[in-house]
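For the single chain, residues carry numbers from 1 onward in sequence order. Heavy atoms only: backbone and side chains are in, while hydrogens, waters and symmetry mates are out.
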Amino acid sequence: GRNLRMLSKTGGSVECLVHLDRDLKNVLIQRAGSKDAKKRSVALKSVQEICVGREISEEVALPLDDMSVTMLLAEGSAIAFRLDDVEDRDTFALCMGMFVTGNKKEKEKKPSRRR
C-alpha cells in the first residue's frame with residue numbers, strides 16, 4: 001500500500017493509507033498515522049469508472065484538479081485521490097483500472113448458480 005491524499009467534500013484532503021486486500025477484490029482506505037482508524041473497504045467490482053484530472057462524466061462534490069484520480073462507484077458516490085505529479089497520477093489510474101477490469105471479467109466468467 002501507499003499513502004495518498006484523499007479529497008474531502010469540504011475542500012481539503014486527508015492523508016490515507018490505500019492498499020488492496022490479499023484477494024485483490026477490495027481497496028482498503030485507512031487514515032494514515034493511526035492504527036486504530038476505521039478501515040473503509042471499497043469493492044473493486046463496484047467501481048463504475050476511473051477518471052483522471054477534471055475529465056469526469058458525472059458531477060461530484062469533490063475539489064478535483066489536474067492531479068486527481070476519481071473512482072465513480074455504483075451507488076452514485078465517488079472517491080478521489082490527489083497525486084504528486086502526472087506520471088504518478090497516470091500510473092495509479094492505469095493500475096487501478098487494471099484491477100477493476102480484472103474483477104469485472106472474473107465476475108463475468110463465473111457461471112450463475114441456479115437451482
Kindly indicate, with the supporting measurements, whether the criterion side chain to side chain contact (heavy atoms under 4.5 Å, CB included) is fulfilled by L72 and I56. CA-CA 9 Å; L72 299 176; I56 189 161; 3.9 Å; yes

[X] to [Y] - nearest heavy-atom pair and separation:
{"X": "M6", "Y": "C16", "answer": "CB-SG, 4.0 Å"}
{"X": "R89", "Y": "G53", "answer": "CD-N, 4.4 Å"}
{"X": "P63", "Y": "G12", "answer": "CG-O, 4.2 Å"}

Assigning hydrophobic clusters by single linkage (Ile, Leu, Val, Met, Phe, Trp, Tyr; side-chain heavy-atom cutoff under 4.5 Å), is [X] placed with [Y]?
{"X": "L64", "Y": "V52", "result": "no"}
{"X": "L62", "Y": "M71", "result": "no"}
{"X": "V86", "Y": "L7", "result": "no"}
{"X": "M67", "Y": "I50", "result": "no"}

For residues 92-103, which residue pairs qualify under salt bridge (charged side-chain N to carboxylate O under 4.0 Å, His left out), counting only residues two or more places apart or in two chains? none

Heavy-atom donor-acceptor pair, K104 side chain to V47 backbone, under 3.5 Å: yes

So does N26 get a backbone contact from the side chain of D21, meaning a donor-acceptor N/O pair under 3.5 Å? yes

Who passes side-chain contact (heavy atoms from CB on, under 4.5 Å) against E55, sequence neighbours left out? none

Return the set of residues passing side-chain contact (heavy atoms from CB on, under 4.5 Å) with L94 (not counting sequence neighbours), or none when no residue passes. none

Can a side-chain donor-acceptor contact be found between D65 and S68 if the only test is distance below 3.5 angstrom? yes

Side chains of Q48 and L73, heavy atoms from C-beta outward: is any pair under 4.5 Å? no

Is there side-chain contact between D84 and R5, with at least one heavy-atom pair below 4.5 Å? yes

Steps toward side chain to side chain contact (heavy atoms under 4.5 Å, CB included) verdict (L44, M96): CA-CA 9 Å; L44 289 171; M96 290 307 300; 3.8 Å; yes

Please round to the nearest 0.5 Å and tell me the distance separating atom CG of N3 and atom CD of Q30. 10.0 Å

I29: which of I79, L17, L4, V14 passes side-chain contact (heavy atoms from CB on, under 4.5 Å): I79

In sequence, state the C-alpha distance, the side-chain angles, and the governing distance for H19 and L28, and then conclude on side chain to side chain contact (heavy atoms under 4.5 Å, CB included). CA-CA 5 Å; H19 60 101; L28 303 173; 3.4 Å; yes

